[in-house]
Participant: 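I have a structure I would like to understand better, so I am pasting it below and will then ask my questions one at a time.
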Amino acid sequence: MATAHDLVRSAVWAAELAEDEIERARRGFTERSFSKGSYVCHRGDKLDYWTGVVTGLVKISAISRSGKAMTFAGAGPGGWFGEGSVLKDEPRKYDLVAIRDTRLAMLNKSTFFWLYENSTGFNRFLVRQLNERMGQFIATIEYDRILDPKARVARNLSWLFNPVLYPGAGGHIEITQEELGLLAGVSRQVANRSLQALEEEGLLKVEHERITVLDLDRLSKYDG
DNA sequence: TCATTAAATTGTT
DNA sequence: AACAATTTAATGA
């Protein structure tokens, strides 16, 4: 079974770190499990950990001013998040929900800051990650106005294939239509229909418990 | 290796 | 939400 220990070795950000830095990071981790449907953290909570997904799937969402729930990102195995809240020492601005049974590797604040102060490799990773998130956030601004459920499903899917934020995925991802529905904020039925329509348009291929993306570029820009 | 069964996922109404 | 069909995983011959 995969552990936080394994995760650190294979983590993208560890590739540029020196051995002693990796060892230091490893000691700063604790591992926690969350069952399907449970909250990792509510909006407004103080959570002083930088977090990586060992196994499972996490939804990162917030409630817009109009009261609509909207998802900013999904994180699967190999995905990392929370650097913003730890760096700025503020409460979380988003809800974190485990969409399936999930195990998380959580790095304590002091170790995170030690890496931040001492490791250029870690900083290179942070810059890349923040930059990538910025790009996704820009795309999300208009997302609030998009009502077409097909487009919501398409964009949420494309996020999961972001090679920087979600390095675990190659050309395909293991996700059920129910889970994708939870991510996109649509019912399972609608997720099902949307996927079939998107398959018709040649953007992806639907298989059992798995989705293969054929045209990530068009998927990420999909607007109906 | 193959058949049977239970559980999960998907397709449809 | 309910139901049928399909796929997977587990079990044992």
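Throughout, protein chains are lettered first and strands after them, A, B, ... in sequence-line order, and every chain is numbered starting at 1. Only heavy atoms go into these numbers, but all of them, side chains included; no hydrogens, no water, no symmetry mates.
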Participant: Expressed as a whole number of angstroms, how long is the span from A:E174:CD to C:dA9:C1'?
Facilitator: 14 Å
Participant: I'd like a table of atom pairs between the protein and nucleotides 10-13 of chain B - only N or O on both sides, under 3.5 Å - with the distance next to each one.
Facilitator:
residue, atom, partner, partner atom, Å
B:dT10, OP1, A:E209, N, 3.1
B:dT10, OP2, A:Q177, N, 2.9
B:dG11, OP2, A:Q177, OE1, 3.1
B:dG11, OP2, A:Q177, NE2, 2.8
B:dG11, OP2, A:N192, ND2, 2.2
B:dG11, N7, A:R188, NH1, 3.4
B:dG11, O6, A:R188, NH2, 2.8
B:dT12, OP2, A:Q196, OE1, 3.4
B:dT12, OP2, A:Q196, NE2, 3.3

Participant: For a quick test of your reading: what N or O donor-acceptor pairs under 3.5 Å do the side chains of residues 121-131 of chain A make, sequence neighbours left out?
Facilitator:
residue, atom, partner, partner atom, Å
A:N123, ND2, A:Y116, O, 2.8
A:N123, ND2, A:S119, O, 2.8
A:R124, NE, A:E16, OE1, 2.5
A:R124, NH2, A:E16, OE1, 3.4
A:R128, NH1, A:E16, OE2, 3.2
A:R128, NH2, A:E16, OE2, 3.2
A:Q129, NE2, A:W80, O, 2.6
A:Q129, NE2, A:E83, OE1, 3.4

Participant: Who are the side-chain contact (heavy atoms from CB on, under 4.5 Å) partners of A:D223, not counting sequence neighbours?
Facilitator: A:R155
Participant: Return each pair, listed once, that meets ring-ring contact (aromatic ring centres under 6.0 Å, His included) where at least one residue sits in residues 53-76 of chain A; pairs must be two or more places apart or across chains.
Facilitator: A:F72-A:Y94
Participant: Which residues pass the side-chain hydrogen bond (donor to acceptor under 3.5 Å, both in side chains) test with A:D95, not counting sequence neighbours?
Facilitator: none
Participant: Quick one: list whatever passes side-chain contact (heavy atoms from CB on, under 4.5 Å) with A:S33, sequence neighbours left out.
Facilitator: A:R103
